[in-house]
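Below you'll find the structure, written out as structure tokens, and then a few comments.
Both ligands and their constituent atoms are indexed starting at 1 by order of listing. What you see is a predicted model, and the numbers here were worked out from it, not measured in a lab. Computed from heavy atoms alone, side chains included, the values below leave out hydrogens, waters and symmetry copies.
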Amino acid sequence: MTDLSKIRNFSIIAHIDHGKSTLADRLIQHCGGLTLREMSEQVLDNMDIERERGITIKAQTVNLRYTAEDGETYHLNLMDTPGHVDFAYEVSRSLAACEGALLVVDAAQGVEAQTLANVYQSIEHDHEIVPVINKIDLPAADPDKVKAEIEDIIGLPADDAVLTSAKSGIGIAEVLEAVVKRIPPPVGDREAPLKAMLVDSWYDPYLGVVILVRVIDGVLKKGQGVRFMQGGTQHLIDRVGAFTPKRVELPELGPGEIGFITAQIKEVEQARVGDTITTVKGGATKALAGYKEVQPVVFCGLFPVDAAEFEKLRESIGKLRLNDASFSYEMESSAALGFGFRCGFLGLLHLEIIQERLTREYDLDLITTAPSVVYRIALGHTKNEDAKVIELHNPADYPDPSRIEMIEEPWIKAVIYTPDDYLGSILKLCQDRRGIQTDLTYVAGRAQVTYELPLNEVVFDFYDRLKSISRGYASFDYEQIGLREGDLVKMSILVNNEPVDALSLIVHRAVAEERGRGMCERLKDLIPRHLFKIPIQAAIGGKVIARETIAALRKDVTAKCYGGDISRKKKLLDKQKKGKARMREYGNVSIPQEAFIAALRMGEE
Ligand SMILES: Nc1nc2c(ncn2[C@@H]2O[C@H](COP(=O)(O)OP(=O)(O)OP(=O)(O)O)[C@@H](O)[C@H]2O)c(=O)[nH]1
């Protein structure tokens, strides 16, 4: 049983790449959680893709023992939080499990949008926030300027910010002292009915579903019968423990403590983030506030390039889903692509992560159809059917236009934070994407601009474009603000007069022609020439709005290497053969796999 006054629960909030994981590793190392050899890998980001992309996806926590200058030993629970807008809800639950936060700001980059969004959330949770200015070893570091930014932009006192270089190990002890002295201990009642928050859950092949919890009141013990108040299920706890960061079993978790439990749960879906855990007998009557059921917002079809791999795809998707309750899938069949799955994601990054894991970990070649948001459509009545409202996840299911009375699409509020120089191009980008500017302010040579934007204009390549026009300096954060009516139509793409359903998408009428022209032009470059002429058309209903033609070609690919180098000829033929495997036949036209997504990139507007 740990004395409450000796516990500190905190998270680290930072913009991507400001050094959160490196600092976390240093804190663990300082507290002796791991040996140097074990430290050679960053421990908190534990998925391959996380490491490669340098982003944190799943929240993790470590329990550290720190003997402070006052001679007392403290239990520090360090919570790692995901660093991307797609996972905002998980972040909010992790923050709700803490009493304070370290705000890590890069000494050379200063405050950025993601930092802001997370700090405001942290403030909402009444956290004590300790500013940490990291990377002071960099030649471009300017801690005083960053301090001023923290005060001006965020409104937090930064005089006593801790200066660190997580990379060279400077200021680490100071950070730990600040945690102990400035972040308050948790409060809780050991005698009260059990109330624990489900902070995170994941699937472990040996233990089943592992649940990360923060105990608010009462005690969690092995052998206890518990009830998940939102999920409505009951379970028997078979393990209680913590990560140091190695997994250790403990006799119990008391108020204020963070640790894990297992209860022979088979699916993460049964352990929803934000749920309240209480005892079956004499349990709490009121669940903790803040529970939300996360819903996928971006949908797309995933199809195997090789139809024979459908079963493998089904199995692989099933395995991924074991570990990720926020992603959904159901079988889908398409005239052109055969059997595949319609999948739902929290956002584009989430989509890319799943797609990449399927490709890399499960060695699948996939075709991804155009991502789509969820539209709400009011349909008028017909002779046989009453009027009704439907949700549209797939442009292929677009109803008969004559029946549509109204279409609504989801909108977001986006906050973009950028150095002045790039503001002009960013405003143009937002304007082109049907954005409505609601605010523009300048602080210390940077602009903060707020836009309302339709989500469907953001899901394709908005983030990539933003990064490229600002040379990586602009940052972006968004939240959903509900549905709004829009003049939306389905645009079909016809290749050699056949509609290709995987390329059809819902667009706003005002931008349909431009987008249609862009897609036709790109497809013209992406589809190789055939022996016959291929028309490529964009159409709304029966009306063609854009057209390109791919000229016919003579087949002999080796014709261009006259001269007798046989190995070169062979290489070309091999390449042609390989290329074939990655093509999709549409009628009698082969479309390369990469064309499906590349056609949607909106290019250098
Ligand atoms: N020069 C210098 N580089 C640092 C320091 N701390 C971290 N870095 C580097 O900055 C990069 C990003 O560090 P991470 O710790 O992965 O950043 P992060 O904030 O965890 O990133 P996310 O997981 O994406 O949120 C890495 O290349 C680190 O080596 C520092 O104190 N000085």
Side-chain angles (χ1 to χ4, degrees), residues 10-30 33-34 36 39-62 78-88 90-92 94-95 98 101-119 121-122 129-143 145-147 150 161-176 178 200 245 347-350 352-353 356 417 463 467 472-477:
F10 67 105
S11 61
I12 305 183
I13 46 187
H15 190 77
I16 285 176
D17 273 353
H18 283 199
K20 187 175 69 182
S21 309
T22 315
L23 179 67
D25 291 348
R26 285 289 180 183
L27 298 178
I28 295 167
Q29 186 188 8
H30 192 99
L34 284 178
L36 262 180
M39 284 299 302
S40 65
E41 294 275 292
Q42 281 194 1
V43 286
L44 278 181
D45 289 358
N46 60 6
M47 271 201 274
D48 258 11
I49 293 172
E50 289 192 6
R51 186 159 311 114
E52 255 168 56
R53 294 187 160 225
I55 47 155
T56 313
I57 300 160
K58 272 275 164 201
Q60 295 285 352
T61 184
V62 282
L78 159 59
M79 202 124 213
D80 196 17
T81 50
H84 192 276
V85 283
D86 284 5
F87 307 102
E90 294 190 7
V91 177
S92 87
S94 301
L95 294 180
C98 299
L102 299 176
L103 165 64
V104 177
V105 184
D106 185 316
Q109 301 284 334
V111 172
E112 304 206 48
Q114 188 75 54
T115 323
L116 287 179
N118 286 348
V119 164
Q121 273 207 39
S122 189
I129 299 171
V130 178
V132 174
I133 300 176
N134 187 34
K135 306 202 189 182
I136 54 164
D137 57 296
L138 290 177
D142 190 347
K145 186 167 163 230
V146 175
K147 275 188 191 175
I150 294 175
V162 186
L163 304 187
T164 62
S165 165
K167 195 168 158 190
S168 11
I170 301 170
I172 305 305
E174 286 78 359
V175 172
L176 290 163
D200 195 5
L348 264 204
L349 179 85
H350 191 208
E352 282 175 42
I353 289 168
E356 229 172 280
Y417 201 62
Y463 192 60
K467 284 283 168 192
Y473 280 110
S475 44
F476 161 77
D477 192 31

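Remark: ligand 1 and Thr164 share no N or O pair separated by less than 3.5 Å (distance only, no angle test). For the pair Ala166 and ligand 1, the shortest N or O to N or O distance falls below 3.5 Å.
With atom 11 (C) of ligand 1 as the reference point, the heavy atom nearest to it among Arg26, His18, Lys167, Lys135 is part of Lys135. Taking each of Ala140, Ser21, Gly19, Ala107 in turn, the one with a heavy atom nearest to atom 20 (O) of ligand 1 proves to be Ser21.
A donor-acceptor pair is defined here as one N or O able to donate and one able to accept, closer than 3.5 Å; such a pair exists between the side chain of Arg26 and the backbone of Ala166.
Ser165 is linked by a side chain to side chain donor-acceptor pair (under 3.5 Å) to Asp137, Ser168, counting only residues two or more places apart in sequence or in another chain. With sequence neighbours left out, the side chain to side chain contact (heavy atoms under 4.5 Å, CB included) criterion links Ala474 to Ile416, Thr418, Ile426, Leu466, Ser470.
With a 6.0 Å radius and a threshold of 12 heavy atoms from other residues, nucleotides or ligands, Lys467 has its NZ atom above the threshold.
In summary, the atoms of ligand 1 found under 4.0 Å from a heavy atom of Leu138, numbered by their order in the structure, are 1 (N). Of all the atoms in ligand 1, the ones that sit under 4.0 Å from a non-hydrogen atom of His15 are 19 (O).
The part of Asp137 lying near ligand 1 is the side chain, judged by heavy-atom distances below 4.0 Å.
Rounding to the nearest 0.5 angstrom, the gap separating the CG atom in Leu102 from the CG atom in Asn134 is 11.0 Å.
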Worksheet entry | Evaluation steps, side chain to side chain contact (heavy atoms under 4.5 Å, CB included), between Leu138 and Asp106 | CA-CA 10 Å; Leu138 290 177; Asp106 185 316; 4.3 Å; yes
